[in-house]
A.B. asks: 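Submitted below is the structure of interest, expressed as structure tokens.
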Amino acid sequence: MNAQTPSSAASRLTGALLAPVRYLAGIIDLPLRGLQKVTGLTGMASFFLLPNMAIFTIFVLLPLIMNVIYSMTGGTAIFLDSRTFVGAEQYSRLLDCGSYLDSGTCAEDRFWIATSNTAWFVLLQVPLLLVVALVTALVLNRELKARSFWRAVFFFPVLLSPVVVGLIWRWILQRQGLLNLMLFETVGAQPHTWLTDRFWAFAAAIGVSIWAHVGFYALILLAGLQAIPKDIYEAAEMDGTRPSRVFWRITLPLLMPNLLVVLVLALIRAVQVFDEVYVLTGGGPGTSTMYLIQYIFETGFASQLRNPGLAAAASILMGLVLVVLTLVQLGISRTNERKGQR
Amino acid sequence: MSRITLNKLGKSYGQVHVLKDIDLDIVDGELMVFVGPSGCGKSTLLRQIAGLDRPTSGEIRIDGRLVNNVPAADRGLAMVFQSYALYPHMSVRQNLAFGLENARLPRAEIDSRITEAARMLEIGQLLERRPGQLSGGQRQRVAIGRAIVRNPTAFLLDEPLSNLDAELRISTRAELAALHARLGTTMIYVTHDQVEAMTLAHRIVVLRGGQIEQIGAPLELYNKPANRFVAGFIGAPRMNFLECGADGNALVLPGGHTLNKAVPAKGKVTLGIRPQHVKLAANDMGTVPAEVTLVEALGSETVVHTMAAGNQPLLLTLEGQHKVTAGEKVHLKFDDDRLHLFDVEGLRLN
Ligand SMILES: Nc1ncnc2c1ncn2[C@@H]1O[C@H](COP(=O)(O)OP(=O)(O)O)[C@@H](O)[C@H]1O
Ligand SMILES: [Mg+2]
């Protein structure tokens, strides 16, 4: 009897707390039962899924379908009923090039400039991001003083809005910004216009986007590093393994599943680069940091001769690339899961 | 060839003293077992010897050479981990070769060592598999193989059998003993299982709370435990302990019964008697009355739980089958030559 007292007291407390819930449940019980009689058990499941499905339909599915329809219409009108059907004309305009290697020979040269800019961005940003994330994770995995503090420091930019990231770095990099001030104060250098120099603007776009996202990827890699049993490193120590060989032969292969995930996620994100760079450089100087999303945004909404149909077609072409990448990512995480089960 | 000597070895993590003043001399070729309850510092001690951790005080010598600051790989020792710690992304062959490649041995030498170890451990057909494709017992063999190929001067094994099922544990235990006999290499074997310690060891070190309780051959520990802790730890079922009084030449059990036994002490003492050394007696001459509370008939032996000497629990194991039932009043006869006496501090008196 004695041993039961605390648990029965606890159950009395939960009972009291649950009373209003029970009361409400009692009220809706009857209509729900009635509904279940009509719909059956699986029907009830659909009923409870309805709110989520509605949100998904309104904000994802419908826009997607409309986007496909828009991509097959022409003109500058916003509303569908005042647009004319043009079939695949927008697509053929996008893809109409004398040579795909020279945007000057293309009918829609800005699309190809944006595409090649994006390709260069992806090609340089992703490997760099991966290396920086890996180094960060390796350092944070060591027994540092105030390790949690440093982890938070590296993760912090991830929590910032991209617009804030763009603004912060513009304050630093603009002509009268912090960097030029510091260079002047320390070595007396003349101010340099970082963001209007083709090379430096591109470098800044890459650097800032890495700074903004590296914490997220480092966190994934850190989790991977911590999942490697300490014993394995001790076995390697007993085996007399040099640190560089430990890295190449043990850490890296065991981290490979996480690295693959990070690689694909970073690729998907890099293809969609836009907000922080747009705030930082506005796509300039000229079109040198104009990427695909910016092209789509400006073509569809921002330019004087807006062309929603062309923008929609471009976004669908880009979407296809993302679908392929996402399928690759799904494939990888499935394989990882299967490996984990073994 | 190696003799491992520990001198006043101590290890602390901050304020926590995990090992205190460990003095130990492990002679060449010996199979030494560290045994003790979980958390007593066995693994910590082994890790100091291995070089995976640095002691806070004291000396570690291998063949007379001070190795306190010698890196693990240069001590010539090989370790088998409790978790096996195989490299999961490498084949068995690569696992075995890894340490040898680090030492830049010629390929032919590496191959011949692997072939030899694989033959000895009967894992030849597993060489191309990954650890994930092996059973627990096979992984265990690979872990031992990885130690063997390095030709170490001593093997360090940390609870190597604890992840195997009971049956496999017994057969692998015998194989390990055979392996040691064949290689003749010094072996330090850590376990919390006293049966494993008794069956394998040349000498056993019993540890508790980071200190050595007793060092000795298995039967020495069984027959003459130095203190109450060792007495209770070695032997199964556990030794019975009865609190009683002593007046120089007799023991007075609670309840008034006396046992004639020369006792080099007066006052409170603890009487220890193993369950195997208590018999049922036909009459009450020089016996202790008891009441049976539970009988476990195992066929080959019968374990009888009783309450005796002022309601203290007392267990006896009788060979063969006996007609005893719970609730029955019985008389117990203690084997006078097998009585262990401990003072209030738990130290052996006789
Ligand atoms: N790195 C460490 N930091 C702090 N305490 C530790 C550390 N390693 C072991 N200990 C402590 O040392 C004691 C002995 O541990 P261990 O040697 O693993 O015991 P055993 O192997 O005998 O079970 C335990 O109480 C454990 O909590
Ligand atoms: Mg241990």
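Quick note on labels: first sequence line is chain A, next is B, and so on, each numbered from 1.
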A.B. asks: Please classify the contact between B:A147 and chain A as side chain, backbone, both or neither, with a heavy-atom cut-off of under 4.5 Å.
C.D. replies: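 Neither part.
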A.B. asks: Can you name the nearest heavy-atom pair linking B:H89 to A:R249, along with the distance?
C.D. replies: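 Looks like NE2-O, 2.6 Å.
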A.B. asks: Looking at A:W200, I'd like to know if its CH2 atom is crowded, meaning that more than 12 non-hydrogen atoms belonging to other residues, nucleotides or ligands lie closer than 6.0 Å.
C.D. replies: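 No, the 6.0 Å shell around CH2 holds no more than 12 heavy atoms from other groups.
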A.B. asks: In terms of heavy-atom proximity below 4.5 Å to chain A, should B:L100 be classed as side chain, backbone, both, or neither?
C.D. replies: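 Contact with chain A is absent: no heavy atom of B:L100 under 4.5 Å.
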A.B. asks: Which pair of non-hydrogen atoms, one from B:R150 and one from A:M238, has the smallest distance, and what is that distance?
C.D. replies: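 Residues B:R150 and A:M238, closest heavy atoms: NH1-O, 2.8 Å.
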A.B. asks: I'd like to check A:E234 versus B:M79 (side-chain heavy atoms, cut-off strictly below 4.5 Å). Are they in contact?
C.D. replies: no
A.B. asks: I need the minimum non-hydrogen distance between B:A73 and A:E237, along with the two atoms involved.
C.D. replies: CB-O, 3.6 Å
A.B. asks: Can you tell me how far apart CG (B:N102) and CZ (A:R245) are? Round to the nearest 0.5 Å.
C.D. replies: 4.5 Å
A.B. asks: With a 4.5 angstrom heavy-atom cut-off, could you sort out which part of B:A50 is near chain A: side chain, backbone, both or neither?
C.D. replies: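 Its backbone and side chain both get close to chain A.
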A.B. asks: I'd like to check A:I232 versus B:S83 (side-chain heavy atoms, cut-off strictly below 4.5 Å). Are they in contact?
C.D. replies: no
A.B. asks: Answer with side chain, backbone, both or neither: which region of B:R75 has an atom nearer than 4.5 Å to a non-hydrogen atom of chain A?
C.D. replies: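 Looking at B:R75, nothing touches chain A.
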A.B. asks: Might you point out which heavy atoms bring A:A235 and B:A85 nearest each other, and give the distance in Å?
C.D. replies: CB-O, 3.7 Å
A.B. asks: For B:Y13, I'd like to know if atom OH has over 12 heavy atoms of other residues, nucleotides or ligands within 6.0 Å.
C.D. replies: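 Yes.
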A.B. asks: Heavy-atom distance under 4.5 Å between the side chains of B:F98 and A:I250, does that happen here?
C.D. replies: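 They are in contact (side-chain heavy atoms under 4.5 Å apart), so the answer is yes.
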A.B. asks: Looking at B:Q125, I'd like to know if its CD atom is crowded, meaning that more than 12 non-hydrogen atoms belonging to other residues, nucleotides or ligands lie closer than 6.0 Å.
C.D. replies: yes
A.B. asks: With heavy-atom distances below 4.5 Å as the criterion, would you say the side chains of B:Y87 and A:D239 are in contact?
C.D. replies: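 SC-SC contact between B:Y87 and A:D239 confirmed.
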